[in-house]
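To start, the structure under review is shown below, and the notes come after it.
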Amino acid sequence: MPDGMATRGITQLDEDVLTEILLRLPSKSVLRARAVSKQWRHIATRPCFVAAYSVRRPPEIIVFYELDQDANPVPDNKTTNGKYRQAVGAINFAAQEEDLVRRPIVHYPAGTLQLHAFCDGLLLFCRGDERLFIFIPATRQVTFLPSLPITSPRASVRPVGFYRHRASGEYRVLCHVEQIHYILSAGAGAGEPQRLADSIAFPTFPGVALHGSLHWLICPEKSSDPDRMVAFDTVLDKFRRMAPPLVPAAGSSDYRAPHLFEMHGMLAASAVRDVPHMDVWVLQDYNRESWAWHLRITIPQVRRMFGPPFTATALGVLEGNVLVVEYGGLVIFYHMDGERKLHVLDMRTADISALCRGIYTESLVSLTLAPP
């Protein structure tokens, strides 16, 4: 068949067939396909296609590792004399123990950037202690967020929430600086930082986004028990308090590291009790703030690679009702229906310095660029 006829045959495919083909391609191939014709670009840039593409991407875990001056991974036991680059990559949860292949995302001089959170495949970085920007790995787009007013040389910007605003479709960041909360919106059309009238003190890690709100567990400094729970309504831009999970007192049950995550569209909380056990609670009725104990799993005791002792974190739930737990360099998969351990990925042998909480999926979302 002449090449011209073959080309015409491809470009004249039924739209549904073409969409299905594009959904199965790697992100780089989809971006190239957008340049083939107006029809292909129309299909591959529609919001429904972008959303479906993200759903089809395999779930991954974000990892951190080091590269030497020749861009080669640096083993944990090798010194670099301070001359190295920090790298961010992703590992497919379906990887086998003997084949932990990192998918490189980005690398940069050590100490220059800090990854704070991710949302819908977008990564939120901070440059130094002041300037925030969003990086989209698939398209390599960078969108800088508006600068915040900082009066003290000791002050720093602390992102505590990264979410998509449903009404506007914007990606927004909730920040805390000098005892004041601000909302920053992404894109060239974004306005000045929005200063919130009310403010509340809580941890500096990003909250869990669900039901139009961000959520945090607040723990007193001298105890690991959830003292209270705080939510931020992203529609009303208001903070409110919520009932925390029913975790008994630390003195009687020795709970450690309570942590929020999402489970099947519900808020869930995990905490380690009487090592090596982890308990999980779910917020069964969000409006009534009614928590219920869900299950207990056993955490294998191993030499920890990083993190405080005797703590484990539930990262989220995969298809098939599989709970993913991180513990000191191990990623453990539990089938919650049968309450049994499926398998374990040992990250300690992959020259990885740290893991990022949560389940990541690649995205083709695009943002209007703003100048730095």
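Every heavy atom of this structure was used, including side-chain atoms; hydrogens, water molecules and symmetry mates were not.
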Sidechain-backbone polar pair: [X] side chain, [Y] backbone, donor-acceptor under 3.5 Å:
X	Y	result
D120	L122	no
W40	L22	no
W216	V160	yes
T313	E326	no
T112	P109	yes
S168	E170	yes
E15	V17	no

Any chance you could lay out the ring pair (Phe, Tyr, Trp, His ring centres under 6.0 Å) test for F239 and H181, step after step, and finish with the verdict? CA-CA 11 Å; F239 289 100; H181 283 94; 4.9 Å; yes
Does a sphere of radius 6.0 Å around CZ in R140 hold more than 12 heavy atoms from other residues, nucleotides or ligands, not counting ones at 6.0 Å or beyond? yes
I'd like to know whether T139 forms a side-chain contact (heavy atoms from CB on, under 4.5 Å) with L31, so could you lay out the CA-CA distance, the side-chain angles of the two residues, the decisive distance to 0.1 Å, and finally the verdict. CA-CA 8 Å; T139 61; L31 296 176; 4.0 Å; yes
Just checking, is any N or O donor in the side chain of [X] or [Y] under 3.5 Å from an acceptor N or O on the other one?
X	Y	value
H116	R158	no
T234	R164	no
Q284	S290	no
N321	H264	yes

Residue pair H343, Y334: steps toward the ring pair (Phe, Tyr, Trp, His ring centres under 6.0 Å) verdict: CA-CA 8 Å; H343 66 283; Y334 290 91; over 10 Å; no
Spacing of [X] atom [atom1] and [Y] atom [atom2] [to the nearest 0.5 Å]:
X	Y	atom1	atom2	result
R195	L148	CZ	CG	11.5 Å
I43	T19	CD1	OG1	4.5 Å
L295	S270	CG	OG	10.0 Å

Walk me through it: do T45 and V50 pass the test side-chain contact (heavy atoms from CB on, under 4.5 Å)? CA-CA 7 Å; T45 56; V50 173; 5.8 Å; no
Check this for me, if you would: do [X] and [Y] make a salt bridge, where the nitrogen-to-carboxylate-oxygen distance has to be below 4.0 angstrom?
X	Y	result
R103	E60	yes
D233	K238	no
R56	E319	no

Tell me whether the guanidinium CZ or amine NZ of R102 lies under 6.0 angstrom from the six-membered ring centre of Y65 and within 45° of its axis. yes
Angle between ring planes, F333 versus F93, binned at 30° and 60°: parallel, tilted or perpendicular? perpendicular
Go through the steps to decide whether L113 and C126 satisfy the test side-chain contact (heavy atoms from CB on, under 4.5 Å), and finish with yes or no. CA-CA 6 Å; L113 302 178; C126 186; over 6 Å; no
Run the side-chain hydrogen bond (donor to acceptor under 3.5 Å, both in side chains) test on H277 and R296 for me, step by step, so that the C-alpha distance in whole Å, both residues' side-chain angles and the decisive distance to 0.1 Å come before the verdict. CA-CA 7 Å; H277 302 293; R296 172 177 291 184; 5.0 Å; no
I need the single residue from F133, F135, F125 that forms a ring pair (Phe, Tyr, Trp, His ring centres under 6.0 Å) with F144. Which is it? F133
Stepwise side-chain contact (heavy atoms from CB on, under 4.5 Å) check, H294 with W281: CA-CA 5 Å; H294 187 62; W281 295 261; 5.8 Å; no
Centres of the H215 and F232 rings: under 6.0 Å? no
